[in-house]
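Take a look at the structure set out below.
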Amino acid sequence: MGVISLDHIDNLYWLGRYTERVYTTLRLYFRSYDVMIDLLGEHYKAFCDDLDIPDIYGSADEFRARYPFDTEDANSIVSNLTRAYDNSVIMRELLGSEALSYIQIALYDIQKAKISPAPLVPLQEVIDHILAFWGIMDDSVDNAQIRNVIKAGKRIERIDLYARLKMDGTEIIRELGRLRPRVEQSGMRYHKDYLEEIEELAESDEIDYYRIVYLIENLIIMG
């Protein structure tokens, strides 16, 4: 296995995080979209609060129009997908053109969704192509460290989002079990005691979600 530079590890780690962020926030957006149409027009405010993003939208209609597609909004889905693409381009030689193409197609999908009268259909294709990207990692990338760094980033982001959303502790523990072998085999330095504390917190009767967010955000020792 070739040695991967620290810069490349950083790119792979954030590629994992950004692809997961797009995947999970899109799924949440679908749920929020339906609630806003069917029940509560102001539901988007709870969405913003849960994910700790500023409410710059002002209305449910603006949120539906801008949150997926606004390239000027640093928290938008398209902005996170663009960051994933930027990191994947840098890693082209390590990942291969086929893997890169799935992220590129996902960007085309979201651009298509912006002008579509039925945007949820091409937005679902964004999810499908991210899933395809993760799948091609196992099929075509032989370097186990590359796969482990990306998947460690993916699980870290998922735990972060689950804690922000105050999901049941069993879901966090489940993702923690998936994270451990990835981060152990990634070659990245990390705080092992943070993993143990997250598990203890997730098993407690009154979960300190803010502490979990802090621990998972600072788990990896960069540099």
Side-chain angles (χ1 to χ4, degrees), residues 1 3-28 50-52 77 80-81 83-84 87-88 91 94-95 99 102-103 106 127 129-223:
M1 181 177 72
V3 177
I4 302 175
S5 72
L6 290 177
D7 285 344
H8 283 174
I9 286 176
D10 186 68
N11 290 129
L12 294 167
Y13 170 76
W14 282 105
L15 174 57
R17 289 200 63 162
Y18 285 130
T19 50
E20 173 62 32
R21 192 174 301 175
V22 171
Y23 173 78
T24 295
T25 54
L26 254 181
R27 293 179 67 196
L28 293 170
D50 287 342
L51 294 183
D52 194 26
I77 293 170
N80 285 312
L81 184 54
R83 294 185 192 105
N87 280 282
S88 69
M91 297 291 98
L94 294 179
L95 299 175
Y102 285 110
I103 303 296
I127 289 178
H129 285 118
I130 288 176
L131 289 170
F133 166 74
W134 288 335
I136 205 67
M137 290 294 96
D138 291 324
D139 191 60
S140 66
V141 176
D142 294 328
N143 189 313
Q145 186 182 12
I146 292 173
R147 299 196 304 273
N148 285 321
V149 172
I150 291 174
K151 291 183 178 181
K154 170 185 173 181
R155 296 299 172 189
I156 285 169
E157 183 67 24
R158 186 169 293 185
I159 292 170
D160 186 317
L161 290 169
Y162 281 11
R164 292 177 188 275
L165 295 166
K166 298 178 174 57
M167 292 185 67
D168 189 85
T170 57
E171 292 294 328
I172 294 174
I173 292 171
R174 180 171 178 261
E175 293 303 325
L176 200 61
R178 293 175 169 183
L179 169 61
R180 275 199 178 94
R182 296 298 181 185
V183 75
E184 288 169 357
Q185 298 170 47
S186 69
M188 295 187 291
R189 295 187 301 138
Y190 68 100
H191 297 282
K192 185 176 180 180
D193 55 321
Y194 285 13
L195 294 178
E196 295 169 357
E197 185 176 349
I198 291 170
E199 184 169 14
E200 291 174 2
L201 290 167
E203 290 176 337
S204 64
D205 292 333
E206 294 186 8
I207 301 175
D208 186 345
Y209 289 104
Y210 295 104
R211 177 65 178 169
I212 292 177
V213 169
Y214 172 82
L215 293 170
I216 201 68
E217 281 287 343
N218 293 279
L219 176 67
I220 302 299
I221 304 169
M222 291 296 187

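- For the pair Val183/Ile220, a side-chain contact is recorded, criterion being any heavy-atom separation below 4.5 Å from C-beta on.
- Between Glu20 and Lys154, none of the side-chain N atoms (NZ, or NE/NH1/NH2) sits under 4.0 Å from a carboxylate O, so this pair counts as no salt bridge.
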Worksheet item: How far apart are the C-alpha atoms of Leu215 and Arg211, what are their side-chain angles, what is the distance that settles it, and do they pass the side chain to side chain contact (heavy atoms under 4.5 Å, CB included) test?
Response: CA-CA 6 Å; Leu215 293 170; Arg211 177 65 178 169; 3.6 Å; yes

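- How far OG of Ser186 is from CD1 of Ile146: 12.5 Å, rounded to the nearest 0.5 Å.
- Proximity of a side-chain donor or acceptor of Gln185 to a complementary backbone N or O of Pro181 within less than 3.5 Å is detected.
- A donor-acceptor pair under 3.5 Å is absent between the side-chain atoms of Tyr102 and the main chain of Trp134, judged by distance alone.
- Between Ala163 and Ile212 the shortest heavy-atom distance is CB-CG2, 3.7 Å.
- Panel note: side chain Thr24, backbone Arg21; no donor-acceptor pair is recorded below 3.5 Å.
- Counting heavy atoms from C-beta outward, Ile159 and Leu219 have side chains that stay 4.5 Å or more apart.
- Minimum heavy-atom separation, Arg164 to Val213: NH2-CG1, 3.5 Å.
- Pairs engaging residues 154-195 under the ring-ring contact (aromatic ring centres under 6.0 Å, His included) rule: His191-Tyr194 [sequence neighbours left out].
- Counting non-hydrogen atoms of other residues, nucleotides and ligands closer than 6.0 Å to OH of Tyr214 gives a total of 12 or fewer.
- A donor-acceptor contact closer than 3.5 angstrom links the side chains of Asp168 and Thr170.
- Here the straight-line distance linking atom CH2 of Trp14 with atom CG of Asp10 works out to 8.0 Å at 0.5 Å rounding.
- Distance check, rounded to the nearest 0.5 Å: CZ of Arg147 to CE of Met137 gives 9.5 Å.
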Practice prompt. Take Asn143 and Ile4, measure what side chain to side chain contact (heavy atoms under 4.5 Å, CB included) needs, and give me the verdict at the end.
Written response: CA-CA 10 Å; Asn143 189 313; Ile4 302 175; 4.1 Å; yes

Item to complete: Mind running side chain to side chain contact (heavy atoms under 4.5 Å, CB included) on Tyr210 and Lys166 for me, showing each step along the way?
Response: CA-CA 9 Å; Tyr210 295 104; Lys166 298 178 174 57; 3.8 Å; yes

Item to complete: Would you sort out whether Lys151 and Asp138 count as a side chain to side chain contact (heavy atoms under 4.5 Å, CB included), showing the intermediate values?
Response: CA-CA 10 Å; Lys151 291 183 178 181; Asp138 291 324; 2.5 Å; yes

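- Once rounded to the nearest 0.5 Å, the distance linking OH of Tyr23 with NE2 of His129 reads 14.5 Å.
- Atom-to-atom distance recorded for Thr25:OG1 and Leu165:CG is 10.0 Å, nearest 0.5 angstrom.
- In this structure, Asp142 places its CG atom where only 12 or fewer heavy-atom neighbours from other residues, nucleotides or ligands lie under 6.0 Å away.
- Considering all non-hydrogen atoms of both residues, Arg178 and Arg182 come closest at O-CG, 3.5 Å.
- Scanning both residues, Ile172 and Ala202, for their nearest heavy atoms gives CG2-CB, 4.1 Å.
- Nearest heavy atom pair, residue Ile9 against residue Val149, reads O-CG1, 3.5 Å.
- Atom CG of Leu201 and atom CD1 of Ile207 lie 8.5 Å apart (nearest 0.5 Å).
- Contact of the Leu15 side chain with the Leu95 side chain is registered, since non-hydrogen atoms from C-beta on lie closer than 4.5 Å.
- In this structure, Leu12 and Asn87 have side chains that are not in contact, with every pair of non-hydrogen atoms separated by 4.5 Å or more.
- Residues Met188 and Ala152 approach most closely at CE-CB, 3.9 Å, considering heavy atoms.
- The local environment of NZ in Lys192 is sparse, with at most 12 non-hydrogen atoms from other residues, nucleotides or ligands closer than 6.0 Å.
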